[in-house]
There are 2 protein chains.
Amino acid sequence: MRRTKEEAEKTRVAILASAERLFLEKGVAHTSLDQIARDAGVTRGAIYWHFQNKAHLFNDMLNQVRLPPEQLIERLCICNQREPLQELYDLFVEALASLGHNEQRLRIFTILLHRCEFTDELREAEERHNAFIELIIELSEKLLASVSDRLQPGVTPRLAALALHGMAVGLFTDWTRNPSLYDPDRDPPLLLDTLFNGLIRDWRSSPLPDCLA
Amino acid sequence: MRRTKEEAEKTRVAILASAERLFLEKGVAHTSLDQIARDAGVTRGAIYWHFQNKAHLFNDMLNQVRLPPEQLIERLCICNQREPLQELYDLFVEALASLGHNEQRLRIFTILLHRCEFTDELREAEERHNAFIELIIELSEKLLASVSDRLQPGVTPRLAALALHGMAVGLFTDWTRNPSLYDPDRDPPLLLDTLFNGLIRDWRSSPLPDCLA
DNA sequence: GCTGTTACATACAGTCTCGATTGTAAATAT
DNA sequence: ATATTTACAATCGAGACTGTATGTAACAGC
């Protein structure tokens with residue numbers, strides 16, 4: 001019965017894929033480990049071998065798509081080489097657009113936003129998630145503070161950071177709720193432009209330079 | 001053992017209150033009807049008497065705070081008497097600010113956004129929720145189309161409606177995730193102003209007229 | 001070629017949960 | 001005053017789920 005290491009890795013991947021499917025379809029709490037195991041063609045023993053429990057399985061699934069904090073810090077903090085505001089803008093546009101281009105990201109974020117409840121079972125995952133969010137807000141705030149002279153009158157860096165993250169989360173939520181509402185290529189830059197126009201003075205004189213004809 | 005009608009209503013309210021508490025604390029799926037019954041000082045029999053099942057209990061809980069669609073239509077559609085854009089702005093500002101002033105709204109929206117998973121058990125509630133959201137977007141789009149000459153160049157009514165709702169949902173999500181991030185009196189108008197500045201040309205020459213000194 | 005370990009499968013115990021049924025005492029109708 | 005309904009309580013049965021413990025066959029090292 002014992003498999004070689006690469007075969008074991010294949011069952012691990014299969015378990016993750018089945019969990020993703022079933023979590024999306026039935027929700028995290030309403031999916032049992034036995035259902036996941038059956039779907040993956042194994043038994044619960046295999047799951048308990050590869051993952052400590054359901055919460056860890058959930059976490060490992062999330063880590064497939066959540067970019068590591070170091071990468072985020074690198075982009076938003078060490079952005080001396082480029083225009084900081086453009087870097088911030090690009091980051092959020094890319095994050096949004098990725099929902100339209102990477103189906104696994106779409107599925108996993110749908111699970112995260114609509115198919116799971118953060119309770120003591122997933123407390124650890126929730127805390128990591130919250131820490132990640134507050135990191136984004138904090139880094140955005142610092143970046144915006146460094147160019148505070150370009151903010152619209154009455155807009156503080158903190159307020160701008162909250163607005164920016166709020167809008168991103170909301171668009172993620174709405175997008176995953178109903179993907180057909182959005183055009184993954186056209187809408188992200190347009191939506192972010194409108195907000196940046198409200199945050200940054202003279203963000204863009206023309207609505208779009210000439211990115212798309 | 002039989003109670004009078006008003007006593008029965010009191011147990012119904014007690015059940016709803018206990019459900020609210022426990023749903024918030026442990027998530028909808030992870031809360032059993034027996035736990036709710038114990039918390040309310042009754043047995044499951046009382047719950048099954050007043051509510052058909054957990055999904056209906058959940059729905060009745062939501063209906064305590066979700067404003068009826070007619071009211072929404074009345075405010076956004078029959079807004080001839082006032083400035084339509086101001087009406088739209090006020091609606092979203094009020095909705096946001098209510099989170100800071102009505103603790104029950106805060107709790108129930110926290111449950112809705114962070115403590116429940118929309119799966120076949122709650123499919124009916126999900127569909128109502130989606131219909132409500134799409135109504136908001138649709139009404140906003142129509143309202144914005146009626147004043148399309150005031151939109152910033154390159155901003156379509158549909159895009160503006162998506163941006164507006166997206167931001168609202170995101171702020172609701174972030175706010176319920178961590179209420180300490182926001183000042184319920186100061187932040188909602190400021191946040192909405194930044195977005196409206198990006199959507200509407202000459203929304204406000206001064207950041208705030210003189211609402212607060 | 002033997003051994004220890006790996007990668008699972010199987011079995012077991014225990015709890016939890018739901019839904020249905022039945023019981024019942026008091027309120028209400030007549 | 002009696003009958004009926006209400007507003008629950010209590011019980012029952014059946015299944016699902018988790019975690020753990022044990023079994024086991026094949027691989028990897030020596």
Side-chain angles (χ1 to χ4, degrees), chain A residues 1-19 21-23 25-61 111 115-125, chain B residues 1-19 21-23 25-61 115-117 119-125:
Chain A
M1 295 255 188
R2 157 134 132 108
R3 320 294 160 77
T4 175
K5 281 196 178 184
E6 48 189 63
E7 276 181 325
E9 181 59 21
K10 281 174 74 176
T11 73
R12 200 188 107 98
V13 169
I15 291 170
L16 280 169
S18 292
R21 261 181 28 79
L22 293 174
F23 285 167
E25 185 185 329
K26 313 167 28 121
V28 175
H30 293 88
T31 300
S32 71
L33 294 183
D34 189 59
Q35 291 169 332
I36 295 172
R38 281 173 200 272
D39 188 88
V42 295
T43 67
R44 267 173 45 247
I47 295 183
Y48 277 105
W49 173 256
H50 285 286
F51 310 93
Q52 190 172 338
N53 51 29
K54 197 204 268 191
H56 281 71
L57 171 58
F58 178 77
N59 233 315
D60 288 6
M61 188 191 69
I111 294 170
R115 302 284 195 274
C116 78
E117 49 190 51
F118 283 121
T119 172
D120 42 357
E121 190 187 39
L122 302 181
R123 192 68 68 193
E124 193 185 349
Chain B
M1 295 256 184
R2 158 134 130 109
R3 319 294 161 79
T4 176
K5 282 196 178 183
E6 47 189 65
E7 277 181 325
E9 181 59 22
K10 281 175 73 175
T11 72
R12 200 188 107 98
V13 170
I15 291 170
L16 280 170
S18 292
R21 259 181 30 78
L22 293 173
F23 285 168
E25 184 185 329
K26 314 168 23 121
V28 175
H30 293 87
T31 301
S32 72
L33 293 184
D34 189 59
Q35 292 169 332
I36 296 171
R38 282 173 199 272
D39 188 87
V42 294
T43 66
R44 267 173 47 245
I47 296 183
Y48 276 108
W49 174 257
H50 285 286
F51 309 93
Q52 191 172 337
N53 51 31
K54 196 205 266 191
H56 281 70
L57 171 58
F58 178 77
N59 234 316
D60 288 6
M61 188 192 69
R115 302 284 194 274
C116 79
E117 49 190 50
T119 171
D120 42 358
E121 189 187 39
L122 302 181
R123 191 70 66 193
E124 192 185 350

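Residue numbering restarts at 1 for every chain, and letters A, B, ... go by the order of the sequence lines. Every value quoted in this text rests on a predicted model; they were computed, and no experiment measured them.
Here B:His50 does not reach the OP1 or OP2 of D:dA7: none of its side-chain N or O atoms lies under 4.0 Å away. Contact annotation: A:Ser32 does not reach the phosphate of D:dA16 (side-chain N/O to OP1 or OP2, under 4.0 Å). Contact annotation: A:Tyr48 side-chain N/O to D:dG19 OP1/OP2 distance is under 4.0 Å. At least one side-chain nitrogen or oxygen of B:Thr11 sits closer than 4.0 Å to the OP1 or OP2 atom of D:dC8. For D:dC8, the OP1/OP2 oxygens have no side-chain nitrogen or oxygen of B:Trp49 closer than 4.0 Å.
Nucleotide D:dC8 holds its P atom 13 Å from the NZ atom of B:Lys5, rounded to whole Å. Rounded to a whole Å, the CG atom of A:Leu22 is 12 Å from the P atom of D:dC17. Rounded to a whole Å, the CD atom of B:Glu7 is 17 Å from the P atom of D:dT6.
Heavy-atom neighbours of B:Arg38 CZ from other residues, nucleotides or ligands within 6.0 Å: at or below the threshold of 12.
When the salt bridge (charged side-chain N to carboxylate O under 4.0 Å, His left out) test is applied to A:Asp60, the partners found at least two apart in sequence or on another chain are A:Arg12. B:Asp39 is linked by a side chain to side chain donor-acceptor pair (under 3.5 Å) to B:Ser18, B:Arg21, counting only residues two or more places apart in sequence or in another chain. With sequence neighbours left out, the side chain to side chain contact (heavy atoms under 4.5 Å, CB included) criterion links A:Ser32 to A:Asp34, A:Gln35.
Remark: A:Val42, A:Thr43, A:Gly45, A:Ala46 in residues 36-47 of chain A come within less than 4.0 Å of DNA chain C through at least one heavy atom.
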For residues 42-51 of chain B, tabulate all N or O donor-acceptor pairs below 3.5 Å that involve a side-chain atom, not counting sequence neighbours.
residue: B:Thr43; atom: OG1; partner: B:Gly45; partner atom: N; Å: 3.4
residue: B:His50; atom: NE2; partner: B:Thr11; partner atom: OG1; Å: 3.2

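In terms of heavy atoms, B:Phe23 sits closest to B:Arg115 at O-CB, 3.6 Å. Taking both residues in full, the closest heavy atoms of B:Thr119 and A:Glu25 are given as OG1-O, 4.3 Å, listed atom of the first, atom of the second, then distance.
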### Task
Give the dot-bracket string for DNA chain C, reading 5' to 3', where a pair is Watson-Crick or G-U wobble with both distances under 3.5 Å, ( ) marks pairs inside the strand, [ ] marks pairs crossing earlier ones, | marks a partner on another strand, and . marks unpaired.
.|||||||||||||||||||||||||||||
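Side-chain contact between B:Val13 and B:Glu9: present, with at least one pair of heavy atoms (C-beta onward) separated by less than 4.5 Å.
Using modelled atom types, one finds no donor on one side chain facing an acceptor on the other under 3.5 Å when comparing A:Asn59 with A:His56.
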